[in-house]
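This structure is a prediction, so every number in the text was calculated from the model and none was measured. Atoms within each ligand, like the ligands themselves, are counted from 1 in listed order.
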Amino acid sequence: MTENVFKLAQDQFEIVAEKMELEQHIREALKEPELCVEVSLPIDMDSGVTKVFKGYRSQHNHFLGPTKGGIRFHPNVTGEEVKALAMWMTWKCALLGLPYGGGKGGIAVDPKKLSRHELQHLSRAYIRAIYKILGPEIDIPAPDVNTNAEIMGWMLDEYEKLCGKHAPGVITGKPLCLGGSLGRETATSLGGWFCLEEALKNIKCKGKTVAVQGYGNAGYYITKYLQENGFKVLAVSDSKGGIYNKNGLPSSEKILEHKRNTTSVIGMKNSENITNEELLELDVDILVPAALENAITKKNADNIKAKIILELANGPTTLEADKILFEKGSVVLPDILANAGGVTVSYFEWVQNLSGYYWTEDEVHSKLSQRMKSSFMEVWKIKSQFNCDMREAAYRKAILAVAKAFKARR
Ligand code: NAD
């Protein structure tokens, strides 16, 4: 699944850097992360056995500010994957005008196989192993796949114990009572919705049907926003498979309740089970990949019927697939734009932590809306200027901002 994902990130960068005639030394500096550490985490399991897990943290660069990016718990996490995800964070932060470089971390683990007690031990052990390279002015983690506010709370607590001081700005996506921001949990999808709203003002799209791959934080909330705004979500899925109803699925909350009771969306009333492969190729107007990398490849891109692809996942589309989709006239709203709502509200959280002054949910939403919509319009204009796809346009803007900071430091 995650094979070659760092190569994909490097190629995406190199292709645009070449077109922009970016100086060779800047390309060299941005092609590899500044740092990628691998740590070994021995954990005493409830059974009395000691198991050793591998953890990673990559900091792509600090040219615009401290590195920022989530922590993923998944069996397929590797050093290569976090390097790719950290590089994508660099472009995302630069594109949205956030004062950050890109970072990302993870642990190779299936958290569903751990007790709550073991999960807490592992989360704290990870922070003990890497806390020296973290800090509100150094590197600031956040949640990603299979991590959440509760885990961020444990991690913050461990960091503060090690440093002997309060430092809420070291981690975002925390519980509200520990300095989290209102609106952080829904931010990735709400940002995606704002981006889609702008896109629909500019792109002719005949209907309002949608398929969503992945039903976690990103997938659930985008389903909710789409349904609230009159879209018909025909299919959703998770790692076990998908569900489909040609007339529209039940409400997002009902699907979530079913998933909570049974561990999967499959088997939901008033729907038929389908595979993840079938979901991606459904006859819908909008496709939302909201799971993992490499979902849309040269194998299925030709069969994708959606006019708009809203990339809430990071890296869901390969280079070959991008080309096929562009030639077919589908518009890909690229990950570094479409899912940037998460890091944008993480930035708001960090600003609130540093100033000690907390905002209302309305303030968070209106600032998020403004950032997402203006970023969409800037990318849309670059796309028209260079007659390129949205990914290239977004990369052009992001690379320019990082290169400018790189030069200003020399
Ligand atoms: P999550 O852990 O809450 O949910 C992930 C979902 O994807 C789960 O429903 C899981 O069952 C499903 N899934 C896993 N493998 C799958 C597969 N092979 N096919 C179909 N579904 C599969 O994670 P999340 O936070 O929603 O993140 C999803 C994606 O969004 C990731 O690519 C992540 O990097 C990206 N993202 C998340 C945030 C955020 O703030 N949470 C921000 C930006 C980007």
Side-chain angles (χ1 to χ4, degrees), residues 1-2 5 9 68-77 81-82 84-86 88-89 91-93 96 102-106 109-112 141-152 172-174 180-181 183-192 195 211-224 235-243 252 255-256 258-260 262-266 274-280 287-297 300 310-317 334-347 349 368 372:
M1 169 69 93
T2 53
V5 69
K68 180 96 195 74
I71 296 172
R72 177 175 289 196
F73 286 180
H74 193 278
N76 295 346
V77 166
E81 187 185 47
V82 296
L85 290 161
W88 287 324
M89 286 306 296
W91 312 133
K92 198 182 298 182
C93 294
L96 271 285
K104 206 80 176 194
V109 59
D110 182 351
K112 290 176 197 119
D144 191 73
V145 172
N146 288 327
T147 56
N148 55 25
E150 183 179 42
I151 294 173
M152 297 304 112
T172 58
K174 309 176 280 292
S181 177
R184 175 59 185 89
E185 195 182 320
T186 55
T188 303
S189 301
L190 187 59
C195 179
V212 179
Q213 186 200 32
Y215 206 68
N217 173 286
Y220 161 65
Y221 282 113
I222 196 68
T223 302
K224 181 172 154 62
V236 300
S237 70
D238 57 34
S239 57
K240 295 185 179 153
I243 50 171
S252 57
I255 302 172
L256 186 65
H258 174 79
K259 185 171 159 72
R260 279 199 182 127
T262 66
T263 75
S264 173
V265 296
I266 55 175
I274 56 168
T275 64
N276 265 292
E277 292 71 29
E278 286 166 337
L279 177 140
L280 295 168
L287 176 63
V288 186
L292 297 173
E293 299 91 67
N294 289 336
I296 307 175
T297 66
N300 60 6
L310 178 72
E311 290 187 339
L312 290 190
N314 284 302
T317 311
D335 47 7
I336 62 167
L337 172 67
N339 71 32
V343 70
T344 301
V345 176
S346 273
Y347 163 60
E349 180 174 331
L368 175 64
M372 291 304 299

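Here's the thing with L85: none of its N/O atoms is less than 3.5 angstrom from an N/O atom of ligand 1. At least one N or O atom of A218, backbone or side chain, sits closer than 3.5 Å to an N or O atom of ligand 1. In terms of N/O distances under 3.5 Å, ligand 1 is approached by Y215. Below 3.5 Å of separation, one finds an N or O of T188 facing an N or O of ligand 1. Between G216 and ligand 1, at least one pair of N/O atoms sits closer than 3.5 Å. Checked against a 3.5 angstrom limit, the closest N/O atoms of H74 and ligand 1 fall outside it. For ligand 1, the polar-atom distance check against N339 finds no nitrogen or oxygen pair separated by under 3.5 Å. Some N or O of L312 is nearer than 3.5 Å to an N or O of ligand 1, by distance alone. At least one N/O-N/O distance between D144 and ligand 1 falls below 3.5 Å. The distance criterion of under 3.5 Å between nitrogen or oxygen atoms is met by S239 with respect to ligand 1.
Checking T186, V345, L292 against atom 15 (N) of ligand 1, the nearest heavy atom belongs to L292. In this comparison of N276, V236, V145, the heavy atom closest to atom 20 (C) of ligand 1 sits on N276.
A salt bridge is absent between K224 and E185: the closest approach of a Lys/Arg side-chain nitrogen to an acidic carboxylate oxygen does not fall below 4.0 angstrom.
Ligand 1 lies within reach of R72, whose nearest heavy atom is under 4.0 Å from it. Heavy-atom distances between R184 and ligand 1 reach below 4.0 Å in at least one pair.
Counting only distance, with no hydrogens or angles, the side chain of S189 and the backbone of T186 share no donor-acceptor pair below 3.5 Å.
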